[in-house]
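Chain letters run A, B, ... following the sequence lines, proteins first, then strands; residues in each count from 1. Bear in mind that the values here come from a model prediction, so they are computed numbers and not experimental data.
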Amino acid sequence: MDYQPRDIEQKWQKFWEKNEIYKVKNDPSKPKYYVLDMFPYPSGAGLHVGHPLGYIASDIFSRYKRLSGFNVLHPMGYDSFGLPAEQYAIQTGVHPADSTAENMQRYREQLNKLGFSFDWSREVNTSNPDYYKWTQQIFIWLFESYYDKTLDKAAPISNLIAAFEKGGSAAVNAVNSNEGSFSAEDWKNFSAKEKDDTLMSYRLAYRKVGYVNWCEELGTVLANDEVKDGRSERGGYPVVQKPMMQWALRITAYAQRLLDDLESVDFSEALKVQQRNWIGRSEGAQLFFQLEGHDSALEIFTTRPDTIFGATFMVLAPEHELVEVLTTADQKKSVSEYLHYVESRSERDRMTDVKTVSGAFTGAYAIHPFSGKKIPVWISEYVLAGYGTGAIMAVPSDDERDNRFAKHFDLPIIPVVDQSAFPNAEIGDKIGTMINSDFLNGMSVKDAIKAAIDEIEAKEIGTKKINFRLRDANFSRQRYWGEPFPIKYDSNAVTHIEHQLPLALPPLDNFQPTSEGHSPLARVSDWVITSDGMTRETDTMPGFAGSSWYFLRYMDANNSEDPFSQEAVNYWQDVDLYLGGAEHAVGHLMYSRFWHKFMHDLGKVPTKEPYKKLINQGMIQGVIENVYMLKERRESKLIFVSADRIQEFGGEENCAQVPVYVGFVSNYGNPDSYLNEEGIEQFRNWRPDNKEAIFETNDKGQLLTHSEVGKMSKRYHNVVNPDDVVAQYGADCFRMYEMFLGPLEDSKPWNENGISGVSKFLRRFWSLFYDQQGNWIVDESAPNAKELKALHTTIKGVNNGLKSFSFNTCVSDFMKSVNELKEIGCTKRAVLTDLVLLIAPFAPYIAEELWNALGNKDSIFNQTKFPTHNEAFLVSDTIEYPICINGKKRASLELPADMTQDAMKAEALALDEVKKWLDGNSIQKVIIVPKKMINIVI
RNA sequence: GCCUUGAUGGCGGAAUUGGUAGACGCGCUGGACUCAAAAUCCAGUGGAGGCAACUCCGUGGGGGUUCGAUUCCCCCUCGAGGUACCA
């Protein structure tokens, strides 16, 4: 029998499906292990070879855990709500549900070919009403909760109402965006609308005025990634920030917990740092500067209250609400000119050009709270409205930016930190001794910060304050293809919950947003107006709603009573291993951690964190092959020039680089890739314009191309479909090759240079069982010591590789093992049986086939005997020791494994070759590294 | 700028974490089989020198610790990813 991957793979695919081999039960008698992939958005383009990298790795690990006796949950599903499907609907009129269903079908077919052990009976699909019903339910829970600071967890809104009735706003210690305070009496007298508004400012899911990207010309709201440099990506029309009522989630209430619990999870340091930066905790003081001639005070945040005596001016963000109030008559002109200038600058200008110092004086003065001096109030764009209070006290002596500003506008600089004892310290480093600072003089910066805060609190001009960069999450999208909010408003605009779930999306055929920037849902009047005369919310939830809890649904995917049962979640607990791309480092991971903590507060999940361990697999990039095309034409014909000849044609600046389909290119991905005669012919026929083109080839008749590494994308004509690779080499080969390519977490360009080696390996592996005539050659006799050593070396290597997620070395170990067994002519059943089990996670099809051929009736994946190595087979009676003189190998000596170090030393020194090297030198030391080497120092 | 990473043959990458650097694969060279090719198999393959045994040099560069450094420490160069007037 020949190795025919196609036949084998089809055969076992059917077998697995028919016998439901991968169906997982919630079986408390077995230890659980949960392996999760970040579920894909089913895009129209289908899978390319980069997508399955993580799925292959997670599948290998799942199968390994399963073979080791664990009950493994390894599900798959689709993140199927989202913008692209809606955009496609706008262009083509095809309903997103239809295009999405088609794409999911295609994904599933592609995935199945690759031999994944997904339990499809647990498939999750975020746009299915059976699923989003529960997303809506969780939203309702968020809506009906507030964050109690005393309990440090979420609590029901009903508790809050009870407290308000008893003691007004003072009766609760809760996270909120409410400004005023009120008594129990006030609360009782509030109108329904006032009560609603008040509660809204406490709810974890709440409504507030937020800003959206509004494009007047297109008459629509745009997502952030549809806006480029302040203009719409499509059409290039101006985009403005327009205030609209928006739903938001109070993730900020969880900022500290999200930060603290990072300590308990196994994420890469890089990712933890990203999350920490995103949360952006900073400790400092919030304090007030009295404004001269005004009743109000200016509130600022600073992390350096110790430097307060160096504060020589104040700076407000141009958008600060006090700017208009403070500006004096004679400064009006320059301030409005400056505001005009700021407005003219795009977001991008502000970001790229951070060096330019600009600003304007308002004419107003603040009073320094300690010295009582008048200090001028300026405005400048380097102070951001969105952070802290949008105002700062500027300390030019100890802050780089303030310093630049002061020098530019010739403002006074008072040194307050003496850093002379620390020559390497730079401005702003929290190190040194306080000077010119009244009661702080002589203190270290660290002590001074504490003392300053104490004094500020004593004088009641401010408080110690922890500030977070993290913002509440905007939860509204003016779109159709998302979860509708289970919310409706009565005639007084009071918010009500829609309890009848799911609140399904109504049918629709016009997907354009309305001219007011509302979701197309707003046009479906019989849906918007409910039978009880209320008006529905027409915004929908963003993409991260459904993906924030999908991993919990897999635990109990077909439950129609609850999102998941307590039994299921108590058994599966959390995700043991989560694999996905690093692009979700902050978004998805932060939101789902937040939701999980919220559900934990409600007692619905037992764990504090959703994911124990996370691995970010690298991207498989594409190779982009470009041909050089001259900018000018000859007799209206295009001219393509070989890369080695472009100097003759005026160099790079006279050429454009045109990406060409990689299939035409010989040697693609290598520095000397080129189009040969055949490639040129294919390229000619590729595009009508190329038909008559002139090709300036080199003297070998080749048109050299220029290769670079980049995204795999239709645009670059470099998409490689896994189906094609599988058709040629088989899925087992594809799986092993993707692993063999390099470490899981590294990004690497796709190339097929080495795939023949893996393919050859699989055929050689097969040839341990069948000879060239197809005869079964497995030997029933017991393996000898040499064979057992070879086997157990492999078992050890593969197990270590699996545990450390270096699957590339596992593949190498297999190759080495087969080479060795071939060399010693071993086809012993006992050895091959273990080898088949060992390879099963990597190459499930060939393993299943050979397992069956070995006479086993049941699927190999129902075994729980993954081989573990026996150290006894690895140690031999004697060990070959290299003997080094001063680190250089000079001889070698075979010694019994159990020899004492003294005896080894004596043996080594007695060796004639060693004596020759020693020759008159005195020995300083002999270092014996057991099982490794002997080093003699002379 | 800051943070996180990384740098090893012609290429992808190994190295049990301080112990014979370059496993495994690709590519390349030579050979066997073949009319021939493909496939397969065998041998070689870091560099320099030597007929050879062998010698010297070699893990981005420079220094250090050590009997011994790809591995640990300091400085520098370059690459990748993230992030940015965050007060």
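- Base orientation at B/G64 is anti, since its O4'-C1' glycosidic dihedral falls outside 90° of 0.
- In this structure, B/G19 and B/C67 make a Watson-Crick or G-U wobble pair, each of the two defining distances being under 3.5 angstrom.
- When both pairing distances are held under 3.5 Å, B/G79 makes a Watson-Crick or G-U pair with B/U5.
- Taking the P atoms as reference points, B/U71 lies 15 Å from B/A15, given to the whole Å.
- Of the charged side-chain nitrogens involved, at least one lies within less than 4.0 Å of a carboxylate oxygen, so that A/E263 and A/R276 count as a salt-bridged pair.
- Residue A/M739 contributes atom CE, which lies 16 Å from atom C1' of B/C24 at whole-angstrom precision.
- B/A69 and B/G82 have their P atoms separated by 38 Å, given to the nearest Å.
- Separating the C1' atom of B/G44 from that of B/C26 is a span of 16 Å, rounded to the nearest Å.
- Both A/M393 and A/L741 lie near RNA chain B, and the one whose nearest nucleotide falls closer to the 5' end is A/L741.
- If you take atom C1' in B/A53 and the same atom in B/U66, they sit 33 Å apart, rounded to whole Å.
- Between the side chain of A/K931 and the base of B/U16, no donor-acceptor pair under 3.5 Å is found.
- For B/U45, the paired nucleotide is B/G27, the pair qualifying as Watson-Crick or G-U wobble because both relevant distances are below 3.5 Å.
- Side-chain contact check for A/K822 and A/S767: at least one donor-acceptor pair (N or O, by modelled atom type) lies under 3.5 Å.
- In this model, the phosphate group of B/U55 is approached by a side-chain N or O of A/R890 to a distance below 4.0 Å at OP1 or OP2.
- Across the C1' atoms, B/U70 and B/A21 are found 7 Å apart, a figure rounded to whole Å.
- Contact annotation: A/R469 does not reach the phosphate of B/U83 (side-chain N/O to OP1 or OP2, under 4.0 Å).
- Within the 4.0 Å cut-off from OP1 or OP2 of B/G25, at least one side-chain nitrogen or oxygen of A/N819 is found.
- Distance NZ (A/K889) to P (B/A21): 10 Å, rounded to an integer number of Å.
- With 3.5 Å as the limit, one finds a donor-acceptor pair spanning the side chains of A/T705 and A/E625.
- In this structure, A/F842 has its ring center under 6.0 Å from that of A/F814.
- Glycosidic conformation at B/U40 (O4'-C1'-N9-C4 for purines, O4'-C1'-N1-C2 for pyrimidines): anti, more than 90° from 0.
- The interatomic distance linking A/R471 (CZ) with B/C86 (P) rounds to 14 Å, in whole Å.
- Straight-line distance from the CG atom of A/L589 to the P atom of B/G82: 15 Å, rounded to whole Å.
- The side chain of A/S282 approaches B/A87 more closely than any other nucleotide in the set B/C85, B/A87, B/C67.
- Both distances falling under 3.5 Å, in either a Watson-Crick or a G-U wobble arrangement, occur for no nucleotide opposite B/C51.
- Looking only at atom types and distance, the side chain of A/K407 has a donor-acceptor partner in the side chain of A/N403 under 3.5 Å away.
- Atom CG of A/N886 is separated from atom C1' of B/U66 by 13 Å (rounded to the nearest Å).
- Here, B/G9 and B/A48 have their P atoms 15 Å apart, quoted to the whole Å.
- Nucleotide B/G1 holds its P atom 17 Å from the CZ atom of A/R401, rounded to whole Å.
- Judged by Watson-Crick or G-U wobble contacts below 3.5 Å, the nucleotide B/C33 has no partner.
- Side-chain contact of A/R469 with A/N277: a donor-acceptor pair under 3.5 Å is absent, judged by distance alone.
- Distance from the side chain of A/M815 is smallest for B/G25 among the nucleotides B/A39, B/G19, B/G25.
- Taking side-chain N and O atoms only, A/R764 has a distance below 4.0 Å to OP1 or OP2 of B/C41.
- Checking B/G13, B/C24, B/C26 against every side-chain atom of A/F740, the shortest atom distance belongs to B/C24.
- Here the P atom of nucleotide B/U83 and the CE atom of A/M590 are 12 Å apart, to the nearest Å.
- Across B/C67, B/C41, B/C85, the shortest atom-to-atom separation from the side chain of A/K760 is found for B/C41.
- Residue A/M314 is tested with A/L291, A/T362, A/I379, A/L298 for a side-chain contact (heavy atoms from CB on, under 4.5 Å); the sole match is A/L298.
- Distances were taken from every side-chain heavy atom of A/S812 (C-beta onward) to each of B/G13, B/C85, B/A23; the shortest belongs to B/A23.
- Considering only side-chain N and O atoms, A/K272 lies nowhere under 4.0 angstrom from the phosphate OP1 or OP2 of B/C3.
- Rounded to the nearest Å, the gap between the C1' atom of B/C3 and that of B/G13 is 28 Å.
- Between the C1' atom of B/A23 and the CZ atom of A/F814 lies a distance of 16 Å, rounded to the nearest Å.
- Between A/F313 and A/F405, the ring center distance clears the sub-6.0 Å criterion.
- For B/A23, the OP1/OP2 oxygens have no side-chain nitrogen or oxygen of A/K816 closer than 4.0 Å.
- Nucleotides B/C72 and B/G19, compared at atom P, are 11 Å apart to the nearest Å.
- Put simply, the side chain of A/N935 and the base of B/C67 share a donor and an acceptor less than 3.5 Å apart.
- Between A/V929 and A/V758, the residue whose closest nucleotide on RNA chain B is further toward the 5' end is A/V929.
- Between A/N808 and B/A14 there is a side-chain polar atom (N or O) within less than 4.0 angstrom of OP1 or OP2.
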